[in-house]
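Shown next, in structure tokens, is the structure this report addresses.
Heavy atoms only: backbone and side chains are in, while hydrogens, waters and symmetry mates are out. We number each residue from 1, following the sequence as shown. As the structure lists them, so they are numbered: ligands from 1, and atoms in each ligand from 1.
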Amino acid sequence: MSSVAADARRHFTKSFGGEPTVVASAAGRVNLIGEHVDYNGGVALPIAIQRRTAVAVRVRDGARVSRLNSGGTGGVLTLDHAALVRRRKWTDYPSGVLDQLIGAGLDVPGLDVAVASDVPSGSGLSSSAALEVAFDFAVRSLLGLSIDRVAMALECQQAERQFVGVPCGAMDQLSASCGQQGHALHMQFDPVNVRPVPFRESVLVIDTALSRSLRVSAYAERVAECASALEAIRRDAPEVSSLAVATMAQVDGAAMRDVERRRARHVVAECARVRQVVLALAAGEPFPGDLAVASHESLRDDYDCSSRELDWTVAYALRQPGIKGARLTGAGWGGCAIAFGEVSALQALAKSLPAEYEKAIGHAPHTWVVSADDGARMEG
Ligand code: ADP
Ligand code: MG
């Protein structure tokens, strides 16, 4: 049993007395490559990581009212299944999942629910999806419902979109649900398809510990720019159904603003890089670090979603011995970077970077060495 699962059990007993019937967990995630391509019909390559969220559950007697605790402190919050509303609290994530289950016609009894996690919240490692998927998996197991990992992830994505109100793609929930130890997930979004590819390396995650306040508006702007770039390409080539299947010649040949062309160039080049990485990994080769660097440069120069702190981190990492690649990961505008290399090189980087980063940037970053782990699973 993982330590967060033991924590969830402890929080359960402290909050509600007795023992939970089921404890399940789901993973945080890091995207290795394939950034800003999900909403352009492209593919991504995330891994589920050893940072996990565990959920302990038991059916309550009586009314369809659930009681929830996270972290053992902060008391118990209640949710009346007949009157689920957005409260702008953490319980909106499990509420959203309950809302999906009830919306699918299930009569969900009142539950006691305790949560524990070591996925940092709001850092871009997808603590929200880990919470949704762990909760959904625990409830489905408790009630003896069918479990299809992809369907469960999409249900959790809808919970976050419809109930929490975050217009997210499906990558986070698919990773949290479908992760496999020793494998990256070659992920296609439309239609959804998840194919494990061997990946036994470690990766260093560096959280710049910066607010991502720009992100919501800038993200929506990029989605719109990509849509108008696609429209421009389709005037000449109506058969192009998404930027992911456009060629660079089509991007360069179509009449569009320079900024749209740069966005489209990133998407087309990034999709090609994902394909190259997948071929290399499938052939048993190490992750091609030069493609990670090319991805970062494209996100920085063509997609304009890097930041001074991410650029500094990537440049610093690439100067260290044994580091073969580094890039920003996630949507950008703050959040995390990742570095590739042997574990010893990653550990040395994790040791030297914080003090240098603090000198250059003014505050300390967080770092974690991670590797590909299982997604949703039952815990002991
Ligand atoms: P990310 O998914 O990148 O970590 P989000 O903003 O999408 O960032 O999700 C963070 C939110 O998810 C938190 O503010 C909190 O409401 C909720 N959350 C995540 N993990 C937990 C947890 N273990 N306990 C309670 N709430 C959590
Ligand atoms: Mg999230």
Side-chain angles (χ1 to χ4, degrees), residues 2-12 15 23-31 35 38 44 46 48-49 51-57 66-77 79 86-98 113-138 153 156-177 179 205-216 219 328-338 366 368 370 375-376 379:
S2 61
S3 68
V4 288
D7 289 345
R9 277 185 179 277
R10 258 191 317 109
H11 300 336
F12 188 97
S15 300
V23 184
S25 72
R29 65 98 186 89
V30 159
N31 190 21
E35 222 63 80
D38 54 350
I49 60 176
R51 297 266 156 174
R52 310 187 69 82
T53 297
V55 172
V57 284
S66 288
R67 303 189 293 182
L68 300 92
N69 169 274
S70 178
T73 55
V76 165
L77 295 161
L79 297 176
R86 190 189 300 176
R87 292 184 185 164
R88 304 196 182 282
K89 288 195 177 125
W90 73 270
T91 47
D92 286 349
Y93 297 88
S95 290
V97 174
L98 283 175
V113 181
V115 180
S117 180
D118 61 7
V119 187
S121 169
S123 291
L125 299 185
S126 198
S127 67
S128 60
L131 174 58
E132 291 149 8
V133 173
F135 179 71
D136 203 348
F137 196 59
C156 290
Q157 180 204 8
Q158 287 314 315
E160 186 151 346
R161 289 181 71 95
Q162 294 170 12
F163 199 91
V164 186
V166 178
C168 55
M171 175 169 69
D172 298 356
Q173 290 82 5
L174 285 168
S175 308
S177 180
V205 180
I206 305 140
D207 177 8
T208 57
L210 279 162
S211 123
R212 300 174 291 166
S213 53
L214 246 182
R215 183 166 295 178
V216 174
Y219 186 91
L328 74 82
T329 182
W333 300 289
C336 296
I338 50 174
H366 306 290
W368 306 274
V370 300
E379 297 278 356

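The backbone N or O of L125 lies less than 3.5 Å from no partner atom in the side chain of S123, so there is not a single donor-acceptor pair. Although no hydrogens or angles enter the test, the distance criterion places a donor-acceptor pair under 3.5 Å between the side chain of R29 and the main chain of G124. The backbone N or O of R51 lies less than 3.5 Å from no partner atom in the side chain of D118, so there is not a single donor-acceptor pair. Formation of a donor-acceptor pair under 3.5 Å by the T208 side chain with backbone atoms of G335 is found in this model. Formation of a donor-acceptor pair under 3.5 Å by the Q173 side chain with backbone atoms of A129 is not found in this model.
V76 pairs with exactly one of S66, S70, S15 by the side-chain contact (heavy atoms from CB on, under 4.5 Å) rule, that one being S15.
Close approach of ligand 1 to L131 (heavy-atom distance below 4.0 Å) involves ligand atoms 18 (N), 21 (C), 26 (N), 27 (C). Below 4.0 Å from some heavy atom of S121 lie the following atoms of ligand 1, by number and element: 4 (O), 10 (C), 11 (C), 13 (C), 14 (O). Residue G124 approaches ligand 1 through these ligand atoms, each under 4.0 Å from one of its heavy atoms: 3 (O). Below 4.0 Å from some heavy atom of V115 lie the following atoms of ligand 1, by number and element: 23 (N). Annotation for ligand 1: atoms under 4.0 Å from non-hydrogen atoms of P120 are 4 (O).
The parts of S127 lying near ligand 1 are both backbone and side chain, judged by heavy-atom distances below 4.0 Å. Contacts of A129 with ligand 1, taken as heavy-atom pairs under 4.0 Å, are absent altogether.
The closest approach between a heavy atom of G28 and any atom of ligand 1 is not below 4.0 Å.
Residue S70 places at least one N or O, backbone or side chain, under 3.5 Å from an N or O of ligand 1. The shortest N or O to N or O distance between A116 and ligand 1 is not below 3.5 Å. In terms of polar-atom proximity, S128 is counted as a contact of ligand 1, with an N or O under 3.5 Å from an N or O of the ligand.
Atom CG of L131 sits about 12.0 Å away from atom OG of S25, to the nearest 0.5 Å.
Nearest to atom 11 (C) of ligand 1 by heavy-atom distance, out of F135, W90, Y93, is Y93.
No donor-acceptor contact under 3.5 angstrom links the side chains of T329 and N31, judged on distance only.
P46 has its side chain out of reach of V30: every pair of non-hydrogen atoms, C-beta onward, lies at least 4.5 Å apart.
With 2.8 Å as the limit, S128 counts as an N, O or S neighbour of the Mg ion (ligand 2).
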